[in-house]
Amino acid sequence: MELKAAESPAIRNSIDSAKHAEREGRWADACALYERLVRDPDANADTRLAALRWLGRAYLEQGNRGAALDVLEAAVTAADIVGSPPAVAQALNVIGIVYQVGGDLDQAATMYQAARSKAELTADGALIAMIDQNLGTVAMIRGDLRGALEAFRLSQLGYQTLGLRNHEAQVLNNIALAYMQLGELADAEAAYNEAARGFEQEGDRARLLDLSVNKVELYIAGRRYDEALAQCDELLAAPAGDVPVWRGEVFRHVGVIARERADFAKAADYLLRAEQHAVESGNLLLRADVAEQLAELYWAQKRHREMLQSLNDAHSLYSQLKAQHRIAQVERRNGALEARFLEMAKQWGDSIESKDRYTQGHCERVAFFACVLADSAGFNSRSLFWFRIGALLHDIGKIIVPTDVLNKPGKLTDEEWAIMKRHPEAGLELVAEIDFPGDITPIIRNHHERWDGAGYPDGLSGEQIPLAARILCVADVYDALTTTRSYRAGMTHARAAEIMRASTGQFDPHLLDMFLDWAGTADIPGRPTPQRMAIFASAVES
């Protein structure tokens, strides 16, 4: 923005020097020059107000958002005092940028709209174009890509009308990013190339570097990994006087390239560097992106526990940003991982039931009943999912039990009973090498413990028995009683409830009452419909 009041050559030289430092990415030098301008008694009011705004932006570029906000709020107050609506609008716009970088998109959008209203009052076309560009960026983060393109094109038109070539190049960079996310790579590359020509004409080295960072993502999307890595190497070799805000993005890109080339050690190294940079700079969006990429890395390495944690971290961070399209993407990936566990659990459950002609559907029904009770007991949605996996696998150890023993119509011999009683421990041995994100161990090992301590394999009693195992015990026995077995016909709900209540010492009394109260009023007493069976099939943490 041009200053309205004339300044002495010395002041003008200071401004030019600071702007030159900005273009070269020397933000510490720019800050020092702006601080001197703010305090310079020879500078007029317009210059000192502008210097406050420029200083706030320079602090932001160095990752110091707290200092940036302090300076910019002072700029708004000072502009109000001297009665300068344009200066108020400009300061509000930069405050919006600070909130945007920090991930508070609601507050950022509020600041941008307030700044635009002030700019319209003063017919400041350049500032209006800049604010439209910023509003487009917020829309893009939230996933409204067509809305973002509309705002960016409006901004570009404003800059073209005013002949602001450098600013037009900046918004072309944003347009390219929007095309990238839409998958329109040819349009994205054309916009990047046009933006690069504008920056080169203006000698804007800092913006050229920003654009180079974004082009890396274009190359990765097109699987042009050699070009992408060469660009990253060039960026990381840049002079390290100041730490640029885009350095974390470059680390992330190198990590992604290494992962795609199956160099997992290098991928982890660079993604964790990116994460550290994001934390230190307070860049919430980069933290979310890195968490998502770490999840992909862990999936490639079959490190399922770490993958789920990273997906949950990404989901939480994107939620803070209100980036709905990214949240949906993370939820799809979260669901895909959990679907793999669910498929595995069902296959193993089917393998057990194939040995016992009387228990087909038992694992699915027990999982449903147990999830109903666990939900009532206060399990959260993520815990419910992994509880269900454990419920589906609770009898996996019966694979070791001979088929003739499982299907025996009469009483088991002592030897046969000893084999049957070993199935909880055998189940744990079978799943020992699987890295489950949720703890299913107590469900498999302890679902035959009794409240009075007379169960097996550990003889636990009362609340020594893990809650998950106590819940599973109720559901398991209820299904066993209400389905036909080799040694008897299935019972009605009323008869099963009578027997379970009479079995003093077997169940947690509170859980038993809770479950039987529900089962007594179920649509089909004791029997879930296929639709109800699906209720807990896709539970994920909200």
Check this for me, if you would: do Arg224 and Glu189 make a salt bridge, where the nitrogen-to-carboxylate-oxygen distance has to be below 4.0 angstrom?
yes
Please assess Tyr192 against Asp187 for the test side chain to side chain donor-acceptor pair (under 3.5 Å), listing each intermediate value before the final yes or no.
CA-CA 9 Å; Tyr192 278 138; Asp187 287 335; over 6 Å; no
Are Trp518 and Leu373 side-chain neighbours, meaning at least one heavy-atom pair lies under 4.5 Å?
no
Check this for me, if you would: do Lys421 and Asp414 make a salt bridge, where the nitrogen-to-carboxylate-oxygen distance has to be below 4.0 angstrom?
no
Does the side chain of Leu135 come within less than 4.5 Å of Gln113's, by heavy atoms?
yes
Closest non-hydrogen atom pair, Asp452 against Thr504
OD2-O, 4.2 Å
Is any side-chain heavy atom of Tyr298 less than 4.5 Å from a side-chain heavy atom of Ser310?
yes
Under 3.5 Å, side chain of His447 to main-chain N/O of Ile443, donor-acceptor pair present?
yes
Distance-only, no hydrogens or angles: does the Glu416 side chain make a donor-acceptor pair with backbone N or O of Thr413 under 3.5 Å?
yes
Interatomic distance, CG@Leu145 vs CD@Glu150, rounded to 0.5 Å, equals 13.0 Å
Write down the atom of Ile444, the atom of Leu393, and the distance for their closest heavy-atom approach.
CG1-O, 3.8 Å
Looking at Ala139 and Gly147, what are the two nearest heavy atoms and their distance?
CB-C, 4.4 Å
Less than 6.0 angstrom separating the ring centers of His448 and His394, yes or no?
no
Whether Gln506 side chain and Met500 backbone form a donor-acceptor pair below 3.5 Å
no
Test Arg287 against Glu280 for salt bridge (Lys or Arg N to Asp or Glu O under 4.0 Å), laying out the working first.
CA-CA 10 Å; Arg287 282 179 61 195; Glu280 290 173 352; over 6 Å; no
Please evaluate residues Ser461 and Gln464 with respect to the criterion side chain to side chain donor-acceptor pair (under 3.5 Å), reporting the C-alpha separation (whole Å), side-chain torsions for both, the decisive distance (0.1 Å), and the verdict.
CA-CA 5 Å; Ser461 64; Gln464 290 179 326; 3.3 Å; yes
Do we see a donor-acceptor contact under 3.5 Å between the side chains of Tyr179 and Asn174?
no
Do the side chain of Asp458 and the main chain of Leu460 share a donor and acceptor less than 3.5 angstrom apart?
no
Please step through salt bridge (Lys or Arg N to Asp or Glu O under 4.0 Å) for the pair Asp226 and Arg261, ending with a clear verdict.
CA-CA 11 Å; Asp226 288 339; Arg261 289 179 161 174; 2.5 Å; yes
May I ask you to test the Arg422-Pro457 pair for a side-chain heavy-atom distance under 4.5 Å?
no
Using the side chain to side chain contact (heavy atoms under 4.5 Å, CB included) rule, pick out the option among Val474, Leu392, Asp476, Asp395 that qualifies with Val366.
Asp476
Whether Thr483 side chain and Asp479 backbone form a donor-acceptor pair below 3.5 Å
yes
Answer yes when Asp263 and Arg259 have at least one side-chain N-carboxylate O distance shorter than 4.0 Å, and no when they do not.
no
Hey, do the aromatic rings of His253 and Tyr270 have their centres closer than 6.0 Å?
no
Would you say the side-chain atoms of Tyr112 pair up with the backbone N or O of Ile97, donor to acceptor, closer than 3.5 Å?
yes
Check this for me: does any side-chain nitrogen of one of Glu260 and Lys266 sit under 4.0 Å from a carboxylate oxygen of the other?
no
Apply ring pair (Phe, Tyr, Trp, His ring centres under 6.0 Å) to Tyr478 and Phe369, showing your working.
CA-CA 9 Å; Tyr478 181 80; Phe369 293 143; 5.5 Å; yes
For Ser383, is there any backbone N or O sitting under 3.5 Å from a side-chain donor or acceptor partner on Asn380?
yes
If the threshold is 4.0 Å, N to carboxylate O, is there a salt bridge linking Arg388 and Glu364?
yes
Beyond-backbone contact of Leu272 with Leu294, side-chain heavy atoms, under 4.5 angstrom:
yes
Ring centre gap for Phe379 and Phe387 strictly below 6.0 Å:
yes
Report yes or no: does Thr492 contribute a side-chain atom to a donor-acceptor pair with the main-chain N or O of Arg495 at less than 3.5 Å?
yes
I'd like to check Leu182 versus Leu149 (side-chain heavy atoms, cut-off strictly below 4.5 Å). Are they in contact?
yes
Rounded to the nearest 0.5 Å, what separation is found between the CD1 atom of Ile95 and the OG1 atom of Thr110?
12.5 Å
Could you tell me whether Gln320 atom CD has more than 12 heavy atoms of other residues or ligands within 6.0 Å of it?
yes
Ala377 to Ile471 - nearest heavy-atom pair and separation
CB-CD1, 4.2 Å
Regarding Asn214 and Glu217, do their side chains bring together a donor and an acceptor under 3.5 Å, going by distance alone?
no
Counting distance only, does the side-chain N/O of Arg470 pair as donor-acceptor with the main-chain N or O of Ile465 below 3.5 Å?
yes
Determine whether Tyr318 and Glu292 make a side-chain contact, defined as any pair of heavy atoms from C-beta on separated by less than 4.5 Å.
yes
Would you say the side chain of Cys232 lies within less than 4.5 Å of the side chain of Leu235, judging by non-hydrogen atoms?
no
Specify the closest pair of heavy atoms between Leu321 and Gly103, including all atoms of both residues, with the distance to one decimal.
CD2-CA, 3.2 Å
Pair Gln231-Glu227, side-chain donor/acceptor within less than 3.5 Å
no
Pair Arg501 + Asp513, salt bridge at N-O below 4.0 Å
yes
Report yes or no: do Asn134 and Gln100 form a side-chain donor-acceptor pair below 3.5 Å?
no
Answer yes when Arg142 and Asp106 have at least one side-chain N-carboxylate O distance shorter than 4.0 Å, and no when they do not.
yes
Atom of Gly255, atom of Leu271 and distance for their closest heavy-atom approach
CA-CG, 4.0 Å
